[in-house]
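Below: one structure, written as structure tokens.
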Amino acid sequence: MHAYPAPPARIGGYAPLRDYAAVGDGRSVALIARDGAVDWLAWPDLDSPTQFAALLDARRGGSFTLRPETPYQVERRYLPGTNVLETTFTTGQGVVRVTDAMSLPGSALTPLRELQRHVEGLSGDVPLRWSVTPGFGYGLRAPRFGRRAGTPVITSGDEALAVCAWQAGTPGIGDQAVTGRFEAQAGSRALITLCYAHQDPLVLPTRAECEARLEHTRTAWRQWLAARTVHGPWAEAVARSALALKLLVYAPSGAVAAAATSSLPETLGGTRNFDYRFSWIRDSAFALDAFLQLGCPAEADAYFWWLMHATQLTHPRLRVLYRLDGGPRAAERTLPLEGYRGSAPVRTGNAAAGQLQLDTYGELLQTAWLHASAAGRLDADIGRRLAGMADFVCRSWSLPDAGIWEVRSRPLHFTQSKMMCWVALDRAVRLAERGLIPRRHAAAWHAHLGAIRDFVETRCFSERRHSYVRSAGGTGLDAGLLLGLLHGYTGAEQPRLRGTVEAVRRELAHGPFVHRYTEDDGFAGTEGAFLACSFWLVESLARCGHADAAAGLMDQLVGLANDVGLYSEEIDPATHAFLGNMPQGLSHLALISAACALRGKDHA
């Protein structure tokens, strides 16, 4: 019998972040560890309070465990072309396979949300044990246990969770959990389904209905991916990134969440723990470009219109991030939870929402440019609002801001922010020249383009480093400067942009790992290497004519994904441990963009 690696022992009840896979249904995402535990799930929506949050508090957060009772080894994969997870447990007594999926909605009456766990005996006789230990409201609300029509049901306030089990043992109800035990034999098929209701009737499905929905879910994922444009030497990584990105698309609105989780730490025991279950304007240009490159016009169109809806509420000023329903408020609060391996505080909401981050205007105008170029038109009302944003940039570009990395130290004149203000006005001028937005202030936009260029070129460049620097008058570097090249800041002489790429490669990169910056940001402690920056370096090298070096770096980065092809926000260069929230949309977006850039250089 072939031996597969056993999951590493949990530390204090916590699995390594690298051990998690994700399943989802376009509304929410569950994270499942290699040992079979569902340690994160927020229903009804991705940004709702959780039912399982053992990721953030192993004792109180809640989880759904399912594993053999005897020692085992594990192999995992996603079913080809899907977000359906398959985990094979190999024991000394036999082999069992668990298939996990969140059911995609169909036309028939179904539970509001549904998580299915199918267990197939492949050989021998494997004893398994399972336990549903809920933690409603991040583990802060006590559940109540009962039965409806013989089915265990767990309730809390206006939420209900049914535990439907077939050939998975007789479910028992304790003080804190619904549990079961059974033996999987060769040819046996068991099923445990969690069915959720929120302010509506609880639907208890039949087994046949669950199995039909699983087949529909597999087929729907495969059909979606089959319609995408994916090829080249990194096609498998691009396809997995596309599927991971699709998990983060909130179907009711079209918004793209930054990640599925909250408060996973950027360094163990540190305080850099933030809620990423929002949609950042900053990610918009990458997201829209990825959708268009992958052949996802429906997702690109839905996302653009969500952006226009959300930003209308705060026009002409942009919020840094918006809720998935388009709302602008994201009040930050601290939860009384332990935090992943003691990494407190645990936060919901995000105080960065109210910061001034001037680069977001460049990203939004670049997104509008991409949309208009693809569609060939722009709604007249949208055009007027975009012109108003360009006017706002003229009034505001000279202010210090919090920058791309949302520092909580004092505002500075960040170079990348100024570059993106230049991009904002450049795109406004181009849109006006095409007659897609009002041009009555185009002369002022032109004038401020020159003023921004003069500021950047005279105050934000280091002759000694042959590179732009992090902020005006400063000496530090910032990997975010690569975005000046990637988003088309052409106010500079090309050698200066090339010099910046080399400086980042020389001073911030260590092998495949790229750190964001090295200066103070208002937070205590350190952080890992930022994966998106590594992929930005790949793309920058490709655009500067170093395609072979870019391809070599790309190969290294693709090898840093976990066993099912997912990335978190950061990686510890020393241990390769994942850090930060996951799956991280920006990491996967940057991978897709880098692969597309290399394809243009005949490497994909």
Side-chain angles (χ1 to χ4, degrees), residues 23 25 28 30-33 35-44 48-54 58-69 96 98-103 109-120 127-184 188-214:
V23 298
D25 62 358
S28 189
L31 264 60
I32 306 173
D35 62 10
V38 181
D39 286 336
W40 180 266
L41 177 62
W43 272 339
S48 299
T50 60
Q51 288 71 43
F52 303 133
R59 182 177 60 87
R60 302 172 62 187
S63 66
F64 178 1
T65 61
L66 170 62
R67 63 177 65 96
E69 291 186 321
V96 65
V98 177
T99 301
D100 290 310
M102 288 179 68
S103 305
L109 177 65
T110 63
L112 179 65
R113 303 286 184 267
E114 182 178 75
L115 173 67
Q116 297 189 26
R117 313 199 73 181
H118 295 252
V119 185
E120 301 173 71
L128 297 104
R129 186 177 297 274
W130 58 269
S131 175
V132 177
T133 307
F136 290 98
Y138 306 105
L140 304 178
R141 301 204 316 261
R144 299 177 63 182
F145 294 85
R147 292 186 186 269
R148 298 184 191 177
T151 299
V153 173
I154 313 165
T155 59
S156 177
D158 54 9
E159 297 181 274
L161 191 65
V163 184
C164 304
W166 295 274
Q167 279 74 58
T170 302
I173 298 178
D175 293 336
Q176 296 181 322
V178 176
T179 61
R181 181 190 179 279
F182 65 103
E183 293 187 353
S188 68
R189 297 173 64 86
L191 171 59
I192 309 166
T193 297
L194 296 188
C195 304
Y196 175 81
H198 178 247
Q199 297 180 343
D200 52 22
L202 180 62
V203 176
L204 301 179
T206 66
R207 179 170 187 168
E209 290 170 338
C210 290
E211 291 175 340
R213 280 194 290 276
L214 176 63

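The figures here come from the full heavy-atom set of this structure, side chains too, leaving out hydrogens, waters and symmetry mates.
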Review point. Between S28 and P44, is there a donor-acceptor pair closer than 3.5 Å when you use the side chain of the first and the backbone of the second?
Key: no
>> I'd like to know whether CD of E211 has more than 12 heavy-atom contacts from other residues, nucleotides or ligands below 6.0 angstrom.
In response: yes
Notebook entry, point to check: Are L115 and V23 side-chain neighbours, meaning at least one heavy-atom pair lies under 4.5 Å?
Noted result: yes
Practice task
Give a yes-or-no answer on whether the side chains of E120 and H118 include a donor-acceptor pair shorter than 3.5 Å.
Solution key: no
In this structure, CD1 of I32 is separated from OG of S63 (nearest 0.5 Å) by 12.0 Å
For F145 and I173 the tightest heavy-atom approach is CB-CG2, 3.5 Å
- Message: Under the criterion side chain to side chain contact (heavy atoms under 4.5 Å, CB included), I'd like the reasoning laid out for F182 against S188: C-alpha separation, chi angles, the key distance, then a yes or no.
- Response: CA-CA 11 Å; F182 65 103; S188 68; over 6 Å; no
Would you kindly say whether T193 and E114 are connected by a side-chain donor-acceptor distance under 3.5 Å? no
- prompt: Taking C-beta and beyond as the side chain, do P205 and C195 meet within less than 4.5 Å on heavy atoms?
  reply: yes
Whether the side chain of R117 engages the backbone of F64 through a donor-acceptor N/O pair (distance < 3.5 Å, no angle test) should be reported. yes
Taken to the nearest 0.5 Å, the spacing of Y138 OH from T50 OG1 works out to 6.0 Å
### Task
Report the C-alpha distance between Q167 and L191 in whole Å, list the side-chain angles of each, state the deciding distance to 0.1 Å, and finish with yes or no for side chain to side chain contact (heavy atoms under 4.5 Å, CB included).
CA-CA 7 Å; Q167 279 74 58; L191 171 59; over 6 Å; no
Exercise. May I ask you to decide if F136's main-chain N or O and E159's side chain share a donor-acceptor pair within less than 3.5 Å?
Key: no
When rounded to the nearest 0.5 Å, the distance separating CG of L112 from NE2 of H198 is 8.5 Å
Count the heavy atoms belonging to other residues, nucleotides or ligands that lie under 6.0 Å from CZ of R141, then report whether that count exceeds 12. yes
Determine yes or no for a side-chain-to-main-chain donor-acceptor pair under 3.5 angstrom, with T151 supplying the side chain and C164 the backbone.
no
Rounded to the nearest 0.5 angstrom, the CZ-CD1 distance for R147 and I154 is 11.0 Å
What one should report as the nearest heavy-atom pair of R213 and P111 is NH2-CD, 3.8 Å
P171 meets the side-chain contact (heavy atoms from CB on, under 4.5 Å) criterion, sequence neighbours left out, with W130, P152, A165, V178
T206 and E209 have their tightest heavy-atom pair at N-OE1, 2.9 Å
- Check the side chains of T133 and S131 for a donor-acceptor pair under 3.5 angstrom, ignoring hydrogens and angles. yes
(Q) For the backbone of W43 and the side chain of Q51, can you confirm whether one donor and one acceptor N or O come within less than 3.5 Å of each other? (A) yes
Residue set satisfying salt bridge (Lys or Arg N to Asp or Glu O under 4.0 Å) with R60, at least two apart, ordered chain then number -> none
(message) Measuring only between side-chain heavy atoms, which start at C-beta, is L31 closer than 4.5 Å to F52?
(response) no
Here the gap from T155 atom OG1 to L202 atom CG, rounded to the nearest 0.5 Å, amounts to 10.0 Å
Rounded to the nearest 0.5 angstrom, the CG-CD distance for L194 and Q116 is 10.0 Å
| With a 4.5 Å limit on heavy-atom distance, are the side chains of V163 and I192 in contact? | yes
